[in-house]
Amino acid sequence: MKNVFSLLPIALAVTSSISSGQSSVEKPQKTPSVSEQLPEMEVTADAARAAYTAAESPSLLKLPVPLLETPQTVTVVPKEVFRDQAAKNLKDVYRNVSGVFESGNTLNAQSEVLPVIRGFEAPFVFRNGMRATEVGTVDLFNIESAEVIKGPASILFGGLEPGGVLNYTTKRPLAERFNEIVQEVGSWNHFRTTLDSTGPLDSKGRVLYRLNMAYTNSESFRNDMDLERFAIAPSLLWKISEDTEIGLDVSYTKEKTPYDSGVPLGFDNEPLVPVDTFFGDPDLEGRTLEDTFVGVDLKHRLNEIFSVRSRLQFHRAEPKNESLRNRGLTGTSGNEILRQRYQNEARVDDEIQWVTDFTAEFTTGLVKHDALVGLDVIHQDSEFDRFRMNKANVPVSSDPDVNFDPPADSDPVPDIKSQLDWTAFYFQDQMSMLKDQRLHLLVGARYDDVKQDQSRPVKEESDDGALTLRGGVLYEATSWMSPYVSVSESFRPQLTDSIDKSGNVLDPTEGIQYEAGVKLDFFDQRLVTTLSAYQIEKDNVAVFDNQYYTDTGLSTYYPGVKQRSRGIELDIAGRITDELSIIANYAYTDTEVLENPEALETEGDRLGGVPLQALRVWLAYDFPEESKLNGLGFGAGARFESERTAQFADDVKLDEFVVFDAGIWYSDELASGHVWRARLNFQNLTDEEYYPRASTRDIAHPGSPFGVIASVGIEF
């Protein structure tokens, strides 16, 4: 496994062999445009074997343009994939996308593990194409698909990191009545019940509903890491006419679980304790999170050319966290000691976002236009109360003594209040031309104006604005091969507490990406492959000065830091045959610190938390209808990631790892006509001990050992 890069030619050879004889395939029909029909908010219910591919991105591209005609890398992971893999959370989903890894950042005790995309951490995720700045918990019970746009997406979504953006699309009401209950049990007393109910509310089928609910109660392979979560997500869709529809979606999630600081790694980078060792105090409240979304959609076709889509979303995140957090490893080999801090925190983040897009499909001469003009307005208020104090050091052992009695005056007190106002205008046009409209030219521009106001306790303000541009060209050279190139920029204002040693707020982060690739479409889009090469440069990066914090206790950032990421990525998804499905990816991610004037010794270092190479493959087989084993299916996969460093400590090395997973499932129709399904999934078949992420030497997070998840469900 030391030379996994040699597997890339094998993957390409497989792709090449699949493509043989494809040049005679006719060009597939285009997806109906906005002028031909109002984009539906519906999706079809589960089929016996739904594809691992999607023709369009539900939320991210904002135009009804097929992914195969888009000159950039966009990957959609539908719910069928994470159903077959028994995914529990977002990190289980986005590992199906090349160049996306788990972040080691635990500084804000967020519920979800943020993704690192093409070498750069995404600071938040998107929900239905709108940002959720405070990352709350994301329960998969209500998710239709997850999508990743690679590279800067600032043109459509504003201030983002240049690596890319992760979005998840929620389930929408269906016109056909459908009900399903699923009961899931598994290792470590895992218990989970979900309900999915949808259908029309009136006789004409103009008013549709959907209700999703989930309850989870589970322990963990980590001691004292019990989880309890309740989630509910009702939604309505009113089809006022053929040209107009209004949708309402609400979700509420509440979960409680201890905060996990992971386990420490020794000065030789080897784990000091078993993976189940917990360095917290279970008598503390731990982490409680309430997460609420309310969204309203309006879609209206004005005429044969113009349509308008508008969405208003409110998001409130209320995390509370009373826990102990590791703050460094000291001592000597064999006598290691953990420094710890008690923290009692409570915050409220309210965010309102309104997005309105005017789309148009028209022709000028021989050029067909899919155009978009949009307005994006965000208002955010945050209040952060906290109490922190250092506690006595803890000798490292497999049974650590971490009992801690908080002082009487340890309730959170007001610390930070902040406000953000963000306004943006953007334009995008995808022009199709030449014979059969095989040449696609994409151009776009966006202007952002961002005002921030923060008190901590000194009042700090910032007002930043920027114009960002993008452009790309894709040519359908044959019915199955489309090369493309693109250039795109990114802009993200710094938080007002991102200051240097002189107290100056750092300049906004800027990035630029150059990308070239080829999209391959086999068997009428049954199997889709994207091979891409890219280079991203990022200026004015906010890199935390750990040494200065250790010496003074003050949080500052290095100014003038420049970083680069470049690599090669391969994504394959779809069906090889009617019975055999695949989703696979490979990434070669080469990152480097180009400039850091105040820490010259870091120049040339790789970025933390990013493996040089990663390869993941999942195959699923379902017996055909004519077989006596119809209804039976099974899947298996492997995940490899090479060595990487901790995210904030380049002297901490995490070993490469290989993990194998598998699953088997069966479905049948009862005499009543109802369909029942049973599934059994096995994770980490070889019980590999591995560490997919780490923040620093004292905070390393082990991957799950061998575990089993069983479920049974019925449609009625």
Side-chain angles (χ1 to χ4, degrees), residues 8 11-33 51-57 60-76 97-99 147-151 153 155 164 361 366-370 428-444 470-488 513-535 567-576 582-587:
L8 179 57
L12 294 176
V14 172
T15 304
S16 177
S17 66
I18 293 172
S19 68
S20 60
Q22 294 297 313
S23 59
S24 62
V25 178
E26 295 181 0
K27 181 181 178 181
Q29 296 295 314
K30 297 181 182 296
T31 303
S33 63
Y52 280 0
T53 57
E56 296 182 8
S57 175
L60 284 186
L61 295 183
K62 296 196 175 186
L63 286 172
V65 176
L67 295 178
L68 288 169
E69 297 179 6
T70 304
Q72 68 181 122
T73 302
V74 182
T75 303
V76 179
V97 182
S98 65
E147 308 94 42
V148 177
I149 286 185
K150 303 288 189 64
I155 297 300
E361 182 185 3
L366 300 178
V367 180
K368 175 181 172 294
H369 298 262
D370 287 290
Q428 181 173 277
D429 188 10
Q430 177 146 332
M431 295 166 278
S432 303
M433 58 197 78
L434 299 185
K435 183 181 179 180
D436 297 328
Q437 297 177 339
R438 290 183 175 273
L439 180 65
H440 306 279
L441 173 63
L442 177 67
V443 296
R470 74 181 298 194
V473 178
L474 180 144
Y475 179 64
E476 298 178 66
T478 70
S479 58
W480 56 274
M481 181 177 65
S482 302
Y484 70 92
V485 295
S486 67
V487 180
S488 50
Q513 174 186 267
Y514 304 93
E515 180 176 352
V518 59
K519 299 189 176 187
L520 305 172
D521 162 25
F522 309 124
F523 316 132
D524 288 338
Q525 298 187 25
R526 270 194 353 190
L527 185 67
V528 177
T529 299
T530 300
L531 176 63
S532 60
Y534 67 90
Q535 175 171 297
I568 299 172
E569 295 176 346
L570 174 68
D571 286 275
I572 304 172
R575 297 183 189 172
I576 299 174
I582 184 174
I583 186 165
N585 64 80
Y586 170 82

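The figures here come from the full heavy-atom set of this structure, side chains too, leaving out hydrogens, waters and symmetry mates. The structure displayed is predicted, hence computed values, not measured ones.
- A distance of 10.0 Å separates CE of Met433 from CG of Leu366, quoted to the nearest 0.5 Å.
- Tyr484 and Val518 make their closest contact through CE2-N, 3.7 Å (heavy atoms, listed as atom of the first residue, atom of the second, distance).
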query = For Lys519 and Glu69, what are the C-alpha separation, side-chain angles and deciding distance, and is it a side chain to side chain contact (heavy atoms under 4.5 Å, CB included)?
reply = CA-CA 9 Å; Lys519 299 189 176 187; Glu69 297 179 6; over 6 Å; no

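- Between atom CE of residue Met431 and atom NZ of residue Lys368 there is a gap of 12.0 Å, rounded to the nearest 0.5 Å.
- Between Thr478 and Arg438, the closest heavy-atom pair is O-NH1, 3.7 Å.
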request  = Apply the test side chain to side chain contact (heavy atoms under 4.5 Å, CB included) to residues Gln72 and Gln513: give CA-CA distance (whole Å), side-chain angles for both, the deciding distance (0.1 Å), then the verdict.
outcome  = CA-CA 11 Å; Gln72 68 181 122; Gln513 174 186 267; 6.0 Å; no

key: Pair Leu67-Thr53, side chain to side chain contact (heavy atoms under 4.5 Å, CB included): steps then yes or no   = CA-CA 10 Å; Leu67 295 178; Thr53 57; over 6 Å; no

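- Side chain to side chain, Glu569 and Thr73 fail the donor-acceptor criterion of an N or O pair below 3.5 Å.
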request  = Show the numbers, then the answer: is there a side chain to side chain contact (heavy atoms under 4.5 Å, CB included) between Lys150 and Asp571?
outcome  = CA-CA 12 Å; Lys150 303 288 189 64; Asp571 286 275; 3.9 Å; yes

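- Atoms CG and CD1, on Leu531 and Ile572 in that order, are 9.5 Å from each other to the nearest 0.5 Å.
- Remark: Thr530 OG1 to Asp521 CG distance equals 10.0 Å, nearest 0.5 Å.
- When all heavy atoms of Ser98 and Leu570 are compared, the closest pair comes out as CB-O, 3.8 Å.
- Considering CG of Leu442 and OG of Ser488, their distance stands at 9.5 Å, rounded to 0.5 Å.
- Of the options Leu474, Leu68, Thr70, a side-chain contact (heavy atoms from CB on, under 4.5 Å) to Ser482 is made by Leu474 and by none of the others.
- Using a 4.5 Å heavy-atom threshold, the side chains of Tyr52 and Arg575 count as separate.
- Across every non-hydrogen atom of Phe523 and Ile576, the tightest pair is CE1-O, 3.9 Å.
- Counting heavy atoms from C-beta on, the side chains of Glu476 and His440 come closer than 4.5 Å.
- Donor-acceptor pairing under 3.5 Å is lacking for the side chains of Tyr534 and Ser486.
- The two atoms that bring Ala477 and Pro483 nearest to each other are CB-CD, 4.1 Å, heavy atoms only.
- At a threshold of 4.5 Å between non-hydrogen side-chain atoms, the residues Asn585 and Val97 do not count as touching.
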